[in-house]
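These notes are about the structure you will find just below.
This is a predicted model, so every value here is computed, not measured.
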Amino acid sequence: MLRESVVDHEPDYLPDEWLVELGKVVKAWSTFERMFDLMLQKLAGYNDPIDPTFTILTFHSSFPQRLDMFSSLCAAHQETEKHLKNYKAIVAQVREAQGLRNIFMHQLIGPGESGEMRISKMSARGQLRMEVRPIELSEISEAHKKIFEAGRAVYKLVLNTAPWEGPPT
């Protein structure tokens, strides 16, 4: 099988500015995921943020399972909690943020033969798909911003109040 290599240099080499942007994605997702769990807990009627029961249940569930729980709880409560009506758009926003996070956390990024940065994306859901393409640093920055905005949207949806201020840096 013929394969195009994403890198022809040291596999772990990335310029510092790329590592900083990837680090922002990691931190934004970690913060988002913990906040998401608290919002899920709130939707489920658990108001004690350190309740061990709910924490145990969520820590033993994958993120897609927790997102399905979130969606189901919003659907179940939207008649009595009118602010939950827009939940489908928020769930779609979270799915997009998760997809971006997965791209940058699970795919290989490195310099190509001519020095430009490239990303190697692979998936095997039903069929093996491979893609190697150039990537700009701004794509990682945009992923960071979308994760941040998804967190703001979930917070606003569940608590029905304005979330924290400011764009990510």
Side-chain angles (χ1 to χ4, degrees), residues 6-7 12-44 49 55 58-59 61-75 77-78 81-112 116-126 129-169:
V6 69
V7 295
D12 292 331
Y13 170 76
L14 283 176
D16 286 349
E17 61 270 18
W18 287 73
L19 294 172
V20 167
E21 290 305 315
L22 287 168
K24 287 178 182 180
V25 169
V26 170
K27 178 60 178 148
W29 185 259
S30 177
T31 300
F32 168 82
E33 200 167 11
R34 293 295 70 81
M35 184 276 308
F36 182 86
D37 288 347
L38 288 172
M39 297 300 103
L40 180 59
Q41 182 174 351
K42 184 87 169 149
L43 278 174
T55 301
T58 58
F59 272 66
S61 301
S62 69
F63 187 79
Q65 290 171 319
R66 287 181 277 151
L67 187 54
D68 286 344
M69 289 178 213
F70 181 87
S71 183
S72 296
L73 286 166
C74 287
H77 295 299
Q78 68 178 328
E81 303 290 335
K82 300 294 185 197
H83 63 278
L84 298 177
K85 288 270 188 214
N86 190 34
Y87 80 92
K88 288 181 182 178
I90 305 307
V91 167
Q93 187 176 358
V94 171
R95 284 190 203 286
E96 178 186 14
Q98 181 197 15
L100 291 168
R101 176 259 182 209
N102 288 348
I103 287 169
F104 295 114
M105 293 303 103
H106 297 295
Q107 307 304 330
L108 184 61
I109 299 173
E116 82 285 359
M117 298 304 281
R118 299 176 65 75
I119 185 168
S120 172
K121 292 172 43 178
M122 295 179 71
S123 69
R125 292 198 174 139
R129 292 181 181 85
M130 295 183 285
E131 173 190 9
V132 178
R133 67 168 180 82
I135 183 172
E136 299 293 326
L137 186 59
S138 61
E139 292 178 60
I140 302 171
S141 299
E142 190 61 29
H144 169 233
K145 289 175 186 164
K146 288 188 181 225
I147 293 167
F148 180 86
E149 290 304 324
R152 288 174 49 91
V154 168
Y155 183 97
K156 183 177 181 183
L157 178 72
V158 174
L159 298 180
N160 197 26
T161 188
W164 57 93
E165 291 295 321
T169 56

Rounded to the nearest 0.5 Å, how far does CE of Met39 lie from CZ of Arg34?
12.5 Å

Pair Glu33 + Arg101, salt bridge at N-O below 4.0 Å:
no

Quick one: sort the Phe63 and Phe36 rings into parallel, tilted or perpendicular, breaks at 30° and 60°.
tilted

Compute whether any side-chain donor of one residue and acceptor of the other, for Ser141 and Glu21, lie under 3.5 angstrom apart.
yes

Heavy-atom distance under 4.5 Å between the side chains of Ile103 and Lys121, does that happen here?
yes

Rounded distance [0.5 Å steps], CE in Met122 versus CE in Met130:
5.0 Å

Verify, without hydrogens or angle tests, whether Arg66 (side chain) and Ser61 (backbone) share a donor-acceptor contact under 3.5 angstrom.
yes

To the closest 0.5 Å, what do you measure between CD (Gln107) and CD1 (Ile119)?
6.0 Å

Between His144 and Trp29, does a side-chain contact (heavy atoms from CB on, under 4.5 Å) hold up when you go through it step by step?
CA-CA 8 Å; His144 169 233; Trp29 185 259; over 6 Å; no

Tell me the closest heavy-atom pair linking Ala153 and Gln93, and the distance in Å.
CB-OE1, 3.3 Å

Other residues, nucleotides and ligands only: do more than 12 of their heavy atoms fall within 6.0 Å of NZ on Lys27?
no

So, do Gln41 and Leu38 sit near enough that their side-chain heavy atoms are less than 4.5 Å apart?
yes

Between Leu43 and Leu84, does the side-chain contact (heavy atoms from CB on, under 4.5 Å) criterion hold? Intermediate values first, please.
CA-CA 10 Å; Leu43 278 174; Leu84 298 177; 4.0 Å; yes

Find the distance between OH (Tyr87) and CG (Leu73) and round it off to the nearest 0.5 Å.
10.5 Å

Whether the side chain of Thr31 engages the backbone of Ala28 through a donor-acceptor N/O pair (distance < 3.5 Å, no angle test) should be reported.
no

Which pair of non-hydrogen atoms, one from Glu131 and one from Arg133, has the smallest distance, and what is that distance?
OE2-CD, 3.1 Å

Taking NZ, NE, NH1 and NH2 as the nitrogens, is one of them in Arg118 or Glu116 under 4.0 Å from a carboxylate oxygen of the other?
yes

Non-hydrogen side-chain atoms of Val158 and His83 separated by less than 4.5 Å
no

For the NZ atom of Lys82 and the CG atom of Asn160, what is their distance to the nearest 0.5 Å?
13.0 Å

Give me the atom names and distance for the closest heavy-atom approach of Asp37 to Phe59.
OD2-CE1, 4.3 Å

For residues Met117 and Ile109, report the shortest heavy-atom separation together with the two atoms involved.
CE-CG2, 4.2 Å

Do the non-hydrogen side-chain atoms of Leu157 and Cys74 ever get within less than 4.5 Å of each other?
yes

So how far is it from Asn86 CG to Lys156 NZ, rounded to the nearest 0.5 Å?
9.0 Å

Report yes or no: does Ser71 contribute a side-chain atom to a donor-acceptor pair with the main-chain N or O of Leu67 at less than 3.5 Å?
no

List for me each residue that meets ring pair (Phe, Tyr, Trp, His ring centres under 6.0 Å) alongside Tyr155, sequence neighbours excluded, and say none if there are none.
Trp164

Shortest non-hydrogen pair, Leu14 vs Gly110, comes out as CD2-CA, 4.1 Å

Do Gln65 and Ser62 have side chains that get closer than 4.5 Å, going by heavy atoms?
yes

State plainly whether the residues Arg152 and Glu149 are in salt-bridge range, i.e. N to O under 4.0 Å.
yes

Glu136 atom CD: more than 12 heavy-atom contacts under 6.0 Å
no

With a 4.5 Å heavy-atom cut-off, do Leu159 and Lys42 have their side chains touching?
yes

Between Phe104 and Ile140, what is the shortest heavy-atom contact and its length?
CE2-CG1, 3.5 Å

